[in-house]
Amino acid sequence: MSFNPKHILGIKNLNAEELNFILDTAVSFKEINTRQIKKVPTLRGKTIINLFYEASTRTRTSFEIAGKRLSADTVNISASSSSVVKGETLEDTAKNIQAMHPDIIVMRHSASGACQYLADRLDCSIINAGDGMHEHPSQALLDAFTIREHKGTIEGLTVAIVGDVTHSRVVRSNIYCLTRLGAKVRLAGPGTMLPPGIERLGCKVFNNLEDAIRDADVVMMLRIQRERQGTPLIPSVREYARFFGLNGNKMELAKKDAIVMHPGPINRGVELGTAIADGPQNVILSQVENGVAVRMALLYLVAGGEKLKSE
Amino acid sequence: MMKVLIKSGRVIDPANKIDEKLDILIVDGKIAELSANIDPGNAEVINAAGLFVTPGLIDMHTHLRDPGYEYKEDIVSGTLAAAAGGVTSLACMPNTSPVNDNLAVTQYIINKAQGQGTANVFPIGSITKGMNGELLAEMGELKEAGCVGFSDDGLPVMNGEMMRRGLEYANTFGVPIFTHAEDLSLVAGGSMNEGPIATELGLKGIPWVAEDAVTARDIMLAELTGAHLHVCHVSTKGSIELVRNAKARGVRVTCEATPHHFILTDEAVRGYNANFKMNPPLRSQEDVDAVRVGLADGTIDAIATDHAPHHIDEKNVEFAIALNGVVGLETLLPLTLKLVAEKVLSLSQAIALLTCQPAEILGIDRGTLAVGVVADMALINPNKEWVVDADKLHSKSKNTSFDGQTMRGYAVRTILAGKTVFER
């Protein structure tokens, strides 16, 4: 098949065949990252703008390296979210950027739907690098890539995702991606962090971590945002860590060969105990490594894929 | 003497249980005669054959944005949009700038509407000064000046005692309190209905309990004080049930529902188009069904638009920061007639919800076609199909939820005190 979407706004509208095609494409790019000369001319002459309205180190750097290794010209713009309320509107900022003729805009924004908003108004391709509490498709794809690499397949696996589901775009994208590729997804977190109707996306919801991770093949821990402490969501980080942190002997409940994942950055001693964060089961750095390959694949496919060769 | 004869229309006047082919003679702006085959004499004849002739429609919940936000709407454009929708009377909410909490603003609105408007405008004053929930507005004087009710619409009175005193004080002057029932602490920054769609879209939800809890409180306060409470834009199954039960035990409570709450569900928010963002938010199918049942069984007394014009710059932004509200005056009639086509309402019920029933709540001498009343009328082609084009709305603002949608039925002529104020 060939698959050259104009935009990558989320996983929701991608089917299993398309998801596998992206992952397969990423396999061929992964090798480039281990070469002495880590650069291919594939996207020479293309301009990619990383438009980040929220702080990000990992995702922005990953997209930037992905673009550079494909020989695209990449430009980073860190816009303050405050300019959304005060000053230039998102549409005006976007139109100004468009006037410089980029081929792809990679955007992160605090508002759910912001990437859709841009795609509805601009001519260039948009890749969603995380919009509000909505989707984070490249993260879900790199997670799937990592699981496939470690487990051989995703079909039939049980994946437990634990933490602040309500505020997590990673969870939503992962539920779509993993269930479409044949995994069973379980969620766990305190009731204040489980949004109503989440089970309708195709997952099972648990009130405690132990039940969720029992016999799981993959345990994915979400970052708990310390600023949520003291809000009506959790009484304290200490209590959160006790009930929903992956620590002590809890991993013994999962399958022996289970892997531990985290989208980063981790809070040691909160959602991940240090022994587990540094333990043999964790594949967090492999997720980061694969992120570059997956993002190279996304940039390549959005830019035209096979068609680039004939240009 | 100015004489106009409306000839051969199907006259529908639910207040007087009339639904038959009649002629109506208007003399000097008032209805002089209502019977079959009136001799035109020297009257101007308007042929209404094939049309419905109804009392001019009454929209008891609008925002005209004048004074203060004339870039969104003003009394002239707002009443023109009303006339285009067959609406001859409307009540306007006090959240202008300055707030309609004083005589000067009330008089300004009434004078401007009488001088330049194409509809009767009945202001609703604020319950509290500046709508800040702290001190009662001078309701006595405002009522004298023409206010027909009081509301802090959009900024609900959160303090229970304040609301109680508002009800007691308004009742002194025999006017209702219009409650925008919403517990702001439960809204907590939400931007759409809470539920599976909000979860999927990653938008913070507003739970039904935010509406139901304050509806319950205000009904109990009406019961305590004996005052007339009107619940604005009911949108949840629970709040409708609360009103139904309260009516059954004799509490003086009435309520209204908007067309968007009986036509659309929160599914419409997919795509993040801010023209589907309003307050209360679009709810679930179960709630929409409950609104329809409430309209059919008489729990809901009026259909009102909550016409809320906003400039495109206030809507063409990320969903979470877009302002709440949609325009509605020009789609009120066809969306209501849709409920007749779908056999939710009889035609007489539908017209009553748009005429005599809101008139009774507002205490205004409009909404019927009896001999002697002011001749406000809508001549309606009920079958004409037309497509909503936001850019062609008469309102200054184009924030409709129904752009591009096919409607059935519209007013072909709107008559205000015997004079045609709109014709298409």
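All values below were derived from every heavy atom in this structure, side-chain atoms included, with hydrogens, water molecules and symmetry-related copies excluded. Residue numbers begin at 1 in each chain, while the letters A, B, ... track the order of the sequences.
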Practice task
Considering only heavy atoms and a distance below 4.5 Å, find which of B/A198, B/P196, B/A320, B/G271 pairs most often with chain A.
Solution key: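 Most pairs with chain A among the choices: B/P196.
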Let me have the donor-acceptor pairs involving side chains of residues 183-207 of chain A, under 3.5 Å, with sequence neighbours excluded, atom names and distances please.
from   : atom 1 : to     : atom 2 : distance (Å)
A/R186 : NH1    : A/A212 : O      : 2.8
A/R186 : NH1    : A/R214 : O      : 2.7
A/T192 : OG1    : A/L233 : O      : 2.5

For [X], does the [atom1] atom sit with more than 12 other heavy atoms under 6.0 Å from it, leaving out its own atoms?
{"X": "A/E17", "atom1": "CD", "answer": "no"}
{"X": "B/I312", "atom1": "CD1", "answer": "no"}
{"X": "B/M407", "atom1": "CE", "answer": "yes"}

Practice task
Kindly say whether B/T199 contributes a backbone atom to a donor-acceptor pair with the side chain of A/R172 at under 3.5 angstrom?
Solution key: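 Yes.
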Can you list, pair by pair, the side-chain donor-acceptor contacts under 3.5 Å of residues 132-140 of chain A, counting residues two or more places apart and other chains?
from   : atom 1 : to     : atom 2 : distance (Å)
A/H134 : ND1    : A/D131 : OD1    : 3.3
A/H134 : ND1    : A/D131 : OD2    : 2.8
A/H134 : ND1    : B/Y272 : OH     : 3.3
A/H134 : NE2    : B/Y272 : OH     : 3.3
A/E135 : OE1    : A/I11  : N      : 2.7
A/E135 : OE1    : A/S173 : OG     : 2.6
A/E135 : OE2    : A/I11  : N      : 3.1
A/E135 : OE2    : A/K12  : N      : 3.1
A/H136 : NE2    : A/R108 : NH2    : 3.2
A/S138 : OG     : A/R295 : NE     : 3.1
A/S138 : OG     : A/R295 : NH2    : 3.1
A/Q139 : NE2    : A/D143 : OD1    : 3.1

Could you check if a side-chain atom of [X] sits within less than 4.5 angstrom of a side-chain atom of [Y], using non-hydrogen atoms only?
{"X": "A/Y176", "Y": "B/E200", "value": "yes"}
{"X": "A/T166", "Y": "B/K204", "value": "no"}
{"X": "A/S112", "Y": "B/L203", "value": "yes"}

Practice task
Could you look at B/N316 and say if it's the side chain, the backbone, both or neither that has a heavy atom under 4.5 Å from chain A?
Solution key: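 For B/N316, heavy atoms of backbone and side chain both lie under 4.5 Å from chain A.
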